[in-house]
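These notes are about the structure you will find just below.
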Amino acid sequence: MSMPFPFTAVVGQDDLRLALLLNAVSPAVGGVLVRGEKGTAKSTAVRALSALLPPVDVVSGCRFSCDPDSPDPGCPDGPHEPGAFASRPARMVELPVGASEDRLVGALDIERALAEGVKAFEPGLLADAHRGILYVDEVNLLHDHLVDLLLDAAAMGASYVEREGVSVRHASKFLLVGTMNPEEGELRPQLLDRFGLTVEVAASREPDQRVEVVRRRLAYDDDPAGFAARWADEEAAVRARIVAARALLPSVRLGDGALRQIAATCAAFEVDGMRADIVMARTATALAAWAGRTDVLAEDVRQAALLALPHRRRRNPFDAPGLDEDKLDETLEEFGGQDGDGGGDDDPDPGPDGPGGQPEPDDAPQGDGDAAARPEAGEGGEPQPAGGAGEQSPARAAEPFRTKVLSVPGLGEGAAGRRSRARTEHGRTTGARRPQGALTKLHLAATVQAAAPHQRARGRSGPGLVVRRDDLRQASREGREGNLVLFVVDASGSMAARQRMSAVKGAVLSLLLDAYQRRDKVGLVTFRGSAADVALPPTSSVDAAAVRLESLPTGGRTPLAAGLLKAHEVLRVERLRDPARRALVVVVTDGRATGGPEPVALAGRAARLFAAEGTASVVVDCESGPVRLGLAGRLAGELGGTAVTLDELRADSIAGLVRDVQGTRRAA
């Protein structure tokens with residue numbers, strides 16, 4: 001096993017290290033979610049923490065790491081008699097993104113359970129992680145049902161495996177750490193709330209600090225053992241401090257004044273539910289123990305808020321995480337009787353990636369790109385001449401609204417989501433089939449029906465059912481899948497009127513919100529001037545799509561055919577990468593096509609490529625004015641899809657648009 005990078009040798013990232021250490025002191029804090037760009041030592045710091053945890057005593061031979069002083073009375077390997085025990089290092093167990101449910105919670109031998117009444121159970125990762133660390137890299141890419149199981153176990157301290165009335169329970173208490181890159185997609189808000197603390201990390205912009213990062217990493221790569229030896233004293237000191245803080249934790253007093261500050265802070269930032277209050281209280285207590293104190297001070301409450309609240313105050317996926325520290329200090333001062341501003345002015349190291357994840361002013365974008373992202377009013381709103389030389393600054397998106405479900409027709413087999421019908425591992429049971437590989441979801445009635453005719457031939461003499469492997473039936477289930485929603489947006493001069501483009505962006509933003517809630521991948525293709533561009537390749541990050549949409553410039557001719565052909569190429573490549581994920585193409589245009597020879601005919605031929613492949617599509621008709629040419633409707637016909645106006649996008653009539661695409665195509 002390779003030697004981990006020393007925890008104390010990690011440069012900077014003070015908030016990340018503090019959050020991990022607080023959970024090591026008090027696992028009841030609820031774990032840490034580490035958000036940040038790639039290459040910021042997220043995984044390095046988490047893996048290094050395991051070496052700092054004190055060793056654990058376990059019952060000899062117990063696969064579930066029971067504590068010999070207080071063994072789990074319901075342990076599947078129990079009951080345990082007093083006696084032999086062993087000491088081993090605390091484990092860090094990694095959960096792969098592609099793990100199955102059985103790998104996470106364990107596998108129950110259904111055949112033996114039915115035929116012999118024996119609970120033959122093979123422990124999973126939740127059992128391995130008991131009394132250690134469970135680390136999930138790229139937790140935002142983990143299937144939702146696995147995240148639910150993971151967080152339920154973390155909250156209850158136990159894992160339950162239930163299959164057709166047969167159940168196994170075992171203790172599972174661990175320090176949960178998840179890391180993620182927000183560019184690859186967000187966690188649902190209710191899942192964000194289940195992590196106790198969150199930390200935003202970013203690479204330092206200080207040259208000296210970056211030099212030190214490179215110097216230490218190269219030294220470690222050249223001689224891991226020697227590098228670790230040079231940091232052994234610091235590691236031992238932190239390890240001893242964790243042990244001392246754990247011993248002190250039960251003696252820490254959380255007074256009424258601190259509790260009042262916690263409640264007032266959560267109320268001031270309008271966080272939902274009471275979990276934030278509880279997490280803040282536990283975090284502030286752990287901070288006091290870490291500092292060697294038995295009383296919680298205002299400075300502890302302040303630091304707890306910076307770690308526990310940023311991810312809980314988001315109202316939609318496009319809100320940036322973070323906390324208004326001035327408002328926090330005002331609240332603490334108003335409801336506190338000690339330390340005034342809670343020690344906010346004496347923060348030991350706010351740094352470029354300071355508490356709350358807020359960048360310093362020097363990190364703000366500079367230059368023309370930043371100015372273009374913040375258009376001012378009064379720059380005109382009329383389309384530029386057909387030559388397209390003039391480019392208008394981007395219009396702001398109108399207020400988003402709730403849209404109805406757009407779903408792809410038919411039955412898919414893509415990744416779990418919430419948009420279109422699909423065959424899935426989770427959902428309502430629709431039938432039974434013979435299992436292919438390991439049995440995961442037993443169809444009990446079908447299994448009994450298959451075994452019943454053979455009982456006499458198998459020599460059944462008692463009340464039990466004689467079941468063989470060939471009798472087992474897998475349940476066929478139907479649920480929902482996520483799709484690839486590819487937006488093809490007309491940014492030409494005919495769309496450039498500021499009011500119209502604002503409405504268009506508001507509509508697309510609304511559909512992006514819907515895609516976030518339904519766990520879709522999204523992509524963005526834009527066309528203007530003489531060509532089309534892939535503004536955003538297919539991704540799970542709707543935040544990135546919203547940013548690209550906000551800064552979208554307009555002007556020039558309308559190369560509709562180029563936009564459709566570019567979208568067709570994006571879909572072709574994506575099918576090679578993920579053939580099971582079906583696509584929904586949303587074309588946002590007024591239907592005009594200009595530029596080049598025979599632009600209308602060429603656009604029609606490009607549209608028929610989608611129709612020939614059966615790709616579901618919707619055209620959002622952005623044409624305005626008293627005289628309407630109906631060009632978007634004709635385009636929808638060529639695509640084999642349906643057209644809807646911007647006004648109709650809000651109406652109930654859109655509910656079944658894409659579901660009816662196939663019917664419309666057949667009728668045509």
Side-chain angles (χ1 to χ4, degrees), residues 383 398 401 403-409 485-497 499-508 510-511 514 525-528 532 554 557-568 571 583-596 598-668:
F401 52 86
T403 65
K404 297 295 184 178
V405 182
L406 304 175
S407 58
V408 178
V485 182
L486 182 61
F487 294 94
V488 185
V489 180
D490 184 350
S492 65
S494 64
M495 300 280 289
Q499 185 175 2
R500 190 196 312 182
M501 200 60 200
S502 176
V504 167
K505 287 187 175 182
V508 177
S510 303
L511 292 169
D514 184 67
V525 172
T526 64
F527 56 94
R528 56 186 290 273
T554 58
R557 294 185 180 275
T558 311
L560 177 57
L564 295 174
L565 290 173
K566 181 68 73 173
H568 186 267
L571 293 183
L584 168 63
V585 177
V586 180
V587 184
V588 185
T589 181
D590 57 9
R592 289 182 172 85
T594 60
E598 299 184 346
V600 176
L602 187 58
R605 288 197 293 272
R608 288 191 288 274
L609 293 175
F610 293 88
E613 295 173 351
T615 304
S617 59
V618 171
V619 177
V620 179
D621 184 358
C622 303
E623 189 175 24
S624 62
V627 178
R628 302 178 64 87
L629 303 178
L631 299 177
R634 296 179 199 171
L635 175 62
E638 299 279 8
L639 287 165
T642 307
V644 57
T645 66
L646 282 172
D647 292 336
E648 291 170 341
L649 200 57
R650 300 172 179 266
D652 292 339
S653 60
I654 197 175
L657 275 179
V658 183
R659 286 197 298 269
D660 295 336
V661 167
Q662 293 284 35
T664 303
R665 188 180 294 124
R666 284 193 295 269

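This structure is a prediction, so every number in the text was calculated from the model and none was measured.
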Heavy-atom check, side chain of [X] versus side chain of [Y], under 4.5 Å:
| X | Y | value |
| --- | --- | --- |
| D490 | V504 | no |
| D590 | L631 | no |
| L571 | T615 | yes |
| V508 | V588 | yes |

(request) Please round to the nearest 0.5 Å and tell me the distance separating atom CG of L486 and atom NE2 of H568. (result) 11.5 Å

(message) Using 0.5 Å steps for rounding, measure from the CG atom of L564 to the CG atom of L609.
(response) 9.0 Å

To check you understand the geometry: which heavy-atom pair defines the closest contact between [X] and [Y], and what is its length?
| X | Y | result |
| --- | --- | --- |
| A636 | T642 | CB-C, 3.7 Å |
| A616 | V408 | CB-CG1, 4.1 Å |
| T554 | S492 | CB-O, 4.3 Å |
| L629 | E623 | N-OE2, 2.7 Å |
| L560 | A593 | CB-CB, 3.9 Å |
| A532 | F527 | CB-CB, 3.8 Å |

(request) Let me know which of T645, V488, V585, T589 forms a side chain to side chain contact (heavy atoms under 4.5 Å, CB included) with V619. (result) T589

(request) Count the heavy atoms of every other residue, nucleotide or ligand shown that sit under 6.0 Å from CD of E598, and state whether that count exceeds 12. (result) no

(message) Does K505 have more than 12 heavy atoms from other residues, nucleotides or ligands lying within 6.0 Å of its NZ?
(response) yes

(request) For T594 and T558, indicate whether the former's side chain and the latter's backbone hold a donor-acceptor pair under 3.5 Å. (result) yes

